[in-house]
Amino acid sequence: MKIDLETLRAFFHSSPFMVDLGVEPTAVQDGRVTTSLTILPRFMQHTSQVHAGVMATLADHTMGAAAQTMAAAGHMAITAELKTSLLRPGRGERLVCEAHVIKPGRNLCFTEAEVFAESGGQRVLVLKASATRALAAPTTRGRR
């Protein structure tokens, strides 16, 4: 399914959790999505670094959006498996996530993402992630 940046922003704004966090899509191509998130005090751990759950959520939803750009019309890319590797503490002004599809498919889609912490013009890789997406067709309610 062809998705432009305006459509992608509407997709993110339809997810209350993404709205609450303040995740913003900044770029989209077939199989690729970039998002950003301003680091706020409420995202921090007691160790003065961004909570791993915030970074994992950013990666997960961004990978899902990348998969969605390649999904057949009417199908949704749903997380079936998610792996994250925390490489460094997330500290800075904002997080940037770059996600891409590494293997599209009819029923499954494989994705990867990198999350960077940016501050003062410097960019540091803080998280790597991969996910398997199930490409789910719409179902009729009440059917088993």
How many angstroms lie between [atom1] in [X] and [atom2] in [Y], if you round to the nearest 0.5 Å?
{"X": "Leu8", "Y": "Thr35", "atom1": "CG", "atom2": "OG1", "result": "9.0 Å"}
{"X": "Thr38", "Y": "Arg94", "atom1": "OG1", "atom2": "CZ", "result": "7.5 Å"}
{"X": "Asp60", "Y": "Ser130", "atom1": "CG", "atom2": "OG", "result": "11.0 Å"}
{"X": "Arg133", "Y": "Lys103", "atom1": "CZ", "atom2": "NZ", "result": "15.5 Å"}
{"X": "Arg32", "Y": "Met70", "atom1": "CZ", "atom2": "CE", "result": "10.5 Å"}

Does any non-hydrogen side-chain atom of [Y] lie less than 4.5 Å from one of [X]?
{"X": "His46", "Y": "His51", "value": "no"}
{"X": "Leu127", "Y": "Leu86", "value": "yes"}
{"X": "Asn107", "Y": "Leu135", "value": "no"}
{"X": "Thr57", "Y": "Met18", "value": "yes"}

Problem - Test item: side-chain donor near acceptor, Thr7 and Asp4, under 3.5 Å - result: yes

Exercise for the section: Please step through side chain to side chain contact (heavy atoms under 4.5 Å, CB included) for the pair Met55 and Leu37, ending with a clear verdict. Expected result: CA-CA 9 Å; Met55 295 188 295; Leu37 174 64; over 6 Å; no

Compare every heavy atom of [Y] with every heavy atom of [X], then report the nearest pair and how far apart it is.
{"X": "Ala56", "Y": "Thr84", "value": "CB-CG2, 3.9 Å"}
{"X": "Cys109", "Y": "Pro104", "value": "SG-CA, 4.0 Å"}
{"X": "Met44", "Y": "Leu40", "value": "CG-O, 3.8 Å"}
{"X": "Ala113", "Y": "Met63", "value": "CB-CG, 3.5 Å"}
{"X": "Leu5", "Y": "Ala27", "value": "CD1-N, 3.8 Å"}
{"X": "Phe12", "Y": "Val19", "value": "O-CG2, 4.1 Å"}

Check: [X] side chain, [Y] main-chain N or O, donor-acceptor pair, under 3.5 Å:
{"X": "Glu114", "Y": "Ala59", "answer": "no"}
{"X": "Arg88", "Y": "Leu125", "answer": "yes"}
{"X": "Thr34", "Y": "Thr26", "answer": "no"}
{"X": "Thr69", "Y": "Gly31", "answer": "yes"}
{"X": "Glu93", "Y": "Gly120", "answer": "yes"}
{"X": "Arg91", "Y": "Ala117", "answer": "no"}

Exercise for the section: Determine, stepwise, if the pair Leu87 / Val126 fulfils side chain to side chain contact (heavy atoms under 4.5 Å, CB included). Expected result: CA-CA 5 Å; Leu87 306 174; Val126 295; 5.8 Å; no

Problem - Neighbour count >12 (heavy atoms, 6.0 Å) for atom CZ, Arg42 - result: yes

Exercise for the section: State whether the number of non-hydrogen atoms from other residues, nucleotides or ligands found under 6.0 Å of Glu81 atom CD is greater than 12. Expected result: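 Enclosed: over 12 neighbouring heavy atoms sit under 6.0 Å from CD of Glu81.
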
Practice task
Look at the rings of His61 and Phe11 and say which category their plane angle falls in: under 30° parallel, 30 to 60° tilted, over 60° perpendicular.
Solution key: parallel

Exercise for the section: Please answer: with hydrophobic residues joined when any side-chain heavy atoms are less than 4.5 Å apart, are Val124 and Ile39 in the same cluster? Expected result: yes

Problem - Partners meeting salt bridge (charged side-chain N to carboxylate O under 4.0 Å, His left out) with Arg123 (sequence neighbours left out) - result: Glu98, Glu118

